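None of the values given here were measured: they were computed from a predicted structure.
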Amino acid sequence: MTSPVEARRPPVRTGGRDHAVWFLVLPALIPILVLSVGPLLYGVLLSFTDAQSGRTAPTRWIGALNFRDLLHDTLFWESFRIGLVWAVGVTVPQFLLALGLALLLSQDLRLRWLARALAIVPWAMPEVVVGIMWRLVYNPDAGILNETLRDLGLGDGRDWLSGLATALPAVVVVGIWAGMPQTTVALLAGLQNTPRELHEAAAVDGAGAWRRFRAVTWPALRPVALSITALNLIWNFNSFALVYVLTSGGPGGKTRLPMLFAYEEAFRYGQFGYAAAMGCVMVAVVSVVLAVFLAGRLKGGQDA
């Protein structure tokens, strides 16, 4: 039963509060709608047209013709395969190396502040600058890598970015180096939130370093690791500037990522509608793969 005191209370009205919340959210929501959702919807619309650069005839609606042609475009699907190899080949070593570095930087070391500052230097550098710097490192004539190999008597060096067998691995190394700092920072933040008392209790019980990591550190770090891995997969698959500066997709298309392929179709060959269809396919496939990945990891975390 309702008490007399509760009966005299005025009803709670949340309508005004909801309006106030939306008013506070709008400054952040409007840029997202204008700069992200709007271009995405325009790209989807463009993919169903024959839009081209420089044509005087009006753009026509052609339905799913671009997607039908895309299904039989072996060059695009080859670039898609290269993109998956690149994304996984960068993300997995990136995470493992960043995890080791974060564990090291979480220890009580001398000059730890300096080591942490140096660890994020690659993150502060623009991708174009990183690409130019690594092109100098890989230079076949005067690059530091080939000079070091010659000094060690390991050969006369090679053209790393122009070789069919070495171009993609060389670019993957650069991607790992350039993207490791943000992963390290995220994991280090997760490690700082792990209660020290749990580690001390596990150490008192006789648990070694590996057992403490499995029983204490990793369960606390798993949500952060899941989030940063998923984001890295998206960022790496959508890479453009770094690979464009290093190889421009060469040699022979061995490093032509899907974003590079779409860029060439749009701005080199003027096929805007076809390039937009590529973008839609990339967004759809990555979303499905990412959803399966996240569902599996979250289910695994609940079972654990």
Worksheet item: Which word best sums up how the rings of F48 and F67 line up, parallel for under 30°, tilted for 30 to 60°, or perpendicular for over 60°?
Response: tilted
Discussion item. When you measure from the side chain of Q94 to the backbone of V88, do you find a donor-acceptor pair of N or O atoms at a distance under 3.5 Å?
Written reply: no
Fill in: Student check: side-chain heavy atoms of T255 and W86 closer than 4.5 Å
no
Worksheet, complete the sentence: Those residues at least two apart in sequence (or on a different chain) that pass salt bridge (Lys or Arg N to Asp or Glu O under 4.0 Å) with R150 are E147
Worksheet item: Sub-3.5 Å donor-acceptor pair from the side chain of R256 to the main-chain atoms of G250, do we have one?
Response: no
Worksheet item: Ignoring hydrogens and geometry, is there a side-chain-to-backbone donor-acceptor pair from N146 to P140 under 3.5 Å?
Response: yes
Practice prompt. Using atom types as modelled and distance alone, determine if a side-chain donor or acceptor of T166 lies under 3.5 Å from a backbone N or O of S162.
Written response: no
Worksheet item: If you draw a 6.0 Å radius around CD1 in I144, do more than 12 non-hydrogen atoms from other residues or ligands fall strictly inside?
Response: no
Fill in: Backbone of A170 reached by a side-chain donor or acceptor of Y138 within 3.5 Å
yes
Discussion item. Side chains of D50 and W61: any donor to acceptor distance under 3.5 Å?
Written reply: no
Worksheet, complete the sentence: By salt bridge (Lys or Arg N to Asp or Glu O under 4.0 Å), R214 pairs with (sequence neighbours left out) none
Fill in: Test item: side-chain donor near acceptor, T183 and N232, under 3.5 Å
yes
Item to complete: Return the orientation label for the Y263 and F267 ring planes: parallel under 30°, perpendicular over 60°, tilted otherwise.
Response: tilted
Item to complete: Check the side chains of D73 and Y274 for a donor-acceptor pair under 3.5 angstrom, ignoring hydrogens and angles.
Response: yes
Fill in: Within 45° cone of W160 ring axis and under 6.0 Å: R158 NZ or CZ
yes
Discussion item. Run the side-chain contact (heavy atoms from CB on, under 4.5 Å) test on K254 and L168 for me, step by step, so that the C-alpha distance in whole Å, both residues' side-chain angles and the decisive distance to 0.1 Å come before the verdict.
Written reply: CA-CA 7 Å; K254 291 297 183 179; L168 185 57; 5.5 Å; no
Discussion item. Below 30° counts as parallel, above 60° as perpendicular, anything between as tilted: where do the rings of W77 and F80 land?
Written reply: tilted
Practice prompt. Apply side-chain contact (heavy atoms from CB on, under 4.5 Å) to L99 and F213, showing your working.
Written response: CA-CA 12 Å; L99 178 60; F213 175 79; 4.0 Å; yes
Practice prompt. Consider only side-chain N and O atoms of T59 and T49, and report whether a donor and an acceptor are under 3.5 Å apart.
Written response: no
Discussion item. Applying side-chain contact (heavy atoms from CB on, under 4.5 Å), can you list everything that pairs with V185, at least two apart in sequence or on another chain?
Written reply: I120, W123
